[in-house]
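Below, read A as the first sequence line, B as the second, and so on, with proteins coming before strands; counting in each chain starts at 1.
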Protein chains: 2
Amino acid sequence: MDQRAPIDFLKVDQSSEWDQDNCPVRSVMAPISGKWSTLLLHALSERPYRFGELRRLVPDISQRMLTQTLRDLQRDGYVNRTVFPTKPPSVEYSMTPLGHSLFSRLYLVIEWSVQNHASVLEARQAFDEAETSA
Amino acid sequence: MDQRAPIDFLKVDQSSEWDQDNCPVRSVMAPISGKWSTLLLHALSERPYRFGELRRLVPDISQRMLTQTLRDLQRDGYVNRTVFPTKPPSVEYSMTPLGHSLFSRLYLVIEWSVQNHASVLEARQAFDEAETSA
DNA sequence: CGGCATCCTCGACGATACTG
DNA sequence: CAGTATCGTCGAGGATGCCG
């Protein structure tokens, strides 16, 4: 059904050289699996935003997590942070080419989740009802 | 750069009807953002596996998390669980069409992370060095 | 073999207050 | 405006032992 090249991170038992902390998939996926990463990547894929704009765009994020998530995204090279020496200072976050490259793939999953949300909810409900009746 | 349709989960402030707990993206993404979900989806996209096979395939997962993650994947309709009444009993996990549909998109992100791991590590290192020198 | 029950740790995340 | 610092909570995940 799927035609894909094999991936090393599953061949744990065969490869004695394998280091779980250096697995490319875990290394890349884990930092963008946070609660807010996808949300912020999606926003910045659209256009650059200032810190306060992002806060208003995602009202239920704490400023602590906004700062931290943006830092993580910047650290992995997905986002640029530009400080303008105005008074008071303003900071703009923009997506790098690497970020756009990643997001072009990630967006397909986002799109899928919107299109198939109903099917997932249906399966979830059926599962829960089967559990309850048991 | 990216040409995409707008997504509702970002228009929080404009839409007063919006319910954060019913956001399709968070609803679908959160359960598959766990530490082991991607790993198990990848394994099962290849072929059905039995419980013990999956344990050996992913040696550093606890059987508690293996059970729980498989349950979550089953609940959302990505995985089927089939019990064979042998002695002792054997259980086979297989991927549903919905699971294959999701994974065909998710795999593109996995593939990206393998291809671009070096770039991410490079950005990470540069960022950390800039922090240290500061 | 394929679980479930229990206890525990630790890090993600939130709330609040303060600062250049 | 755009953060940092501190404290507190809560749940993901791990370790161990028991069971049909």
Side-chain angles (χ1 to χ4, degrees), chain A residues 12 20-21 23 26-27 29-41 43-44 48-76 79-94 127 130-131 134, chain B residues 12 20-21 23 26-27 29-41 43-44 48-76 79-94 127 130-131 134:
Chain A
V12 181
Q20 88 178 74
D21 293 329
C23 166
R26 301 192 192 190
S27 171
M29 298 282 283
I32 60 172
S33 297
K35 186 174 181 181
W36 307 105
S37 313
T38 307
L39 215 43
L40 293 179
L41 283 174
L44 294 172
Y49 279 99
R50 294 200 15 216
F51 188 85
E53 290 182 304
L54 289 172
R55 275 196 79 172
R56 286 186 292 278
L57 205 60
V58 190
D60 55 343
I61 193 176
S62 64
Q63 86 250 58
R64 179 179 134 77
M65 286 316 293
L66 181 54
T67 302
Q68 182 175 310
T69 306
L70 286 171
R71 262 182 83 90
D72 292 343
L73 294 179
Q74 184 194 359
R75 187 173 109 100
D76 282 11
V79 162
N80 275 324
R81 179 177 182 271
T82 311
V83 183
F84 296 102
T86 56
K87 264 183 100 134
S90 66
V91 179
E92 187 184 85
Y93 292 90
S94 61
F127 183 88
E131 290 289 290
Chain B
V12 180
Q20 89 178 71
D21 293 329
C23 165
R26 300 192 194 189
S27 171
M29 296 284 282
I32 60 171
S33 296
K35 186 174 179 179
W36 308 104
S37 312
T38 307
L39 215 44
L40 293 179
L41 283 175
L44 293 172
Y49 279 98
R50 293 197 20 212
F51 189 85
E53 291 182 304
L54 288 172
R55 276 196 76 171
R56 287 187 291 278
L57 205 60
V58 190
D60 54 343
I61 193 176
S62 65
Q63 92 243 74
R64 178 179 136 77
M65 285 317 293
L66 181 54
T67 302
Q68 182 175 310
T69 305
L70 286 171
R71 261 181 83 88
D72 292 343
L73 294 179
Q74 183 194 0
R75 187 173 110 99
D76 281 12
V79 161
N80 275 325
R81 178 177 183 273
T82 312
V83 182
F84 296 102
T86 56
K87 259 181 104 132
S90 65
V91 180
E92 186 184 88
Y93 292 90
S94 60
F127 182 88
E131 289 290 290

Undergrad: If I take atom CG in residue D72(A) and atom P in nucleotide dG3(D), what distance separates them, rounded to the nearest angstrom?
TA: 14 Å
Undergrad: Could you encode protein contacts along nucleotides 11-20 of chain C as a string, one character per nucleotide from 5' to 3', using B for base contact, S for sugar-phosphate-only contact and - for no contact, with a heavy-atom cut-off of under 4.0 Å?
TA: --BBBBB--B
Undergrad: Considering all heavy atoms of both residues, which atom of T86(A) and which atom of P88(A) are nearest to each other, and what is their separation?
TA: OG1-O, 2.9 Å
Undergrad: Can you see if the side chain of Y93(A) gets near the phosphate of dG3(D) - specifically, an N or O under 4.0 Å from OP1 or OP2?
TA: yes
Undergrad: Looking at NZ of K35(A) and CG of D60(A), how far apart are the two atoms once the value is rounded to the nearest 0.5 Å?
TA: 7.0 Å
Undergrad: Tell me the interatomic distance from L70(A), atom CG, to dC1(D), atom C1', rounded to whole angstroms.
TA: 14 Å
Undergrad: Atom CZ of R71(B) to atom C1' of dA12(D): distance rounded to whole Å?
TA: 17 Å
Undergrad: Return no unless some side-chain N or O of R56(B) is found under 4.0 Å from OP1 or OP2 of dG2(C).
TA: no
Undergrad: Using 0.5 Å steps for rounding, measure from the CG atom of L54(B) to the CD1 atom of I61(B).
TA: 8.5 Å
Undergrad: To check you understand the geometry: which heavy-atom pair defines the closest contact between F51(A) and Q63(A), and what is its length?
TA: CZ-O, 4.2 Å
Undergrad: Could you check how far CG of L66(B) sits from P of dC1(C), rounded to whole Å?
TA: 14 Å
Undergrad: Starting at atom CD of E53(B), determine the distance to atom P of dG3(C), rounded to an integer number of angstrom.
TA: 13 Å
Undergrad: For S37(A) and I32(A), work out which heavy atoms get closest and say how close.
TA: CB-O, 3.5 Å
Undergrad: If you fit an axis to the five pairs at each end of the helix from dC1(C)-dG20(D) to dG20(C)-dC1(D), how big is the angle between those two axes, to 10 degrees?
TA: 50°
Undergrad: Whole Å only: how far is the CZ atom of R50(A) from the C1' atom of dG3(D)?
TA: 13 Å
Undergrad: For L44(A) and Y93(A), which heavy atoms make the closest approach, and how far apart are they?
TA: CD2-O, 3.4 Å
Undergrad: Under 4.0 Å between a side-chain N or O of R55(B) and OP1 or OP2 of dC1(C)?
TA: no
Undergrad: Can you give me the closest heavy-atom contact between R26(B) and P31(B), atom names plus distance?
TA: O-CD, 4.1 Å
Undergrad: Are W36(A) and Q68(A) close enough that some pair of their side-chain heavy atoms sits under 4.5 Å apart?
TA: no
Undergrad: Side chains of R81(A) and L70(A): closer than 4.5 Å at any heavy-atom pair?
TA: no
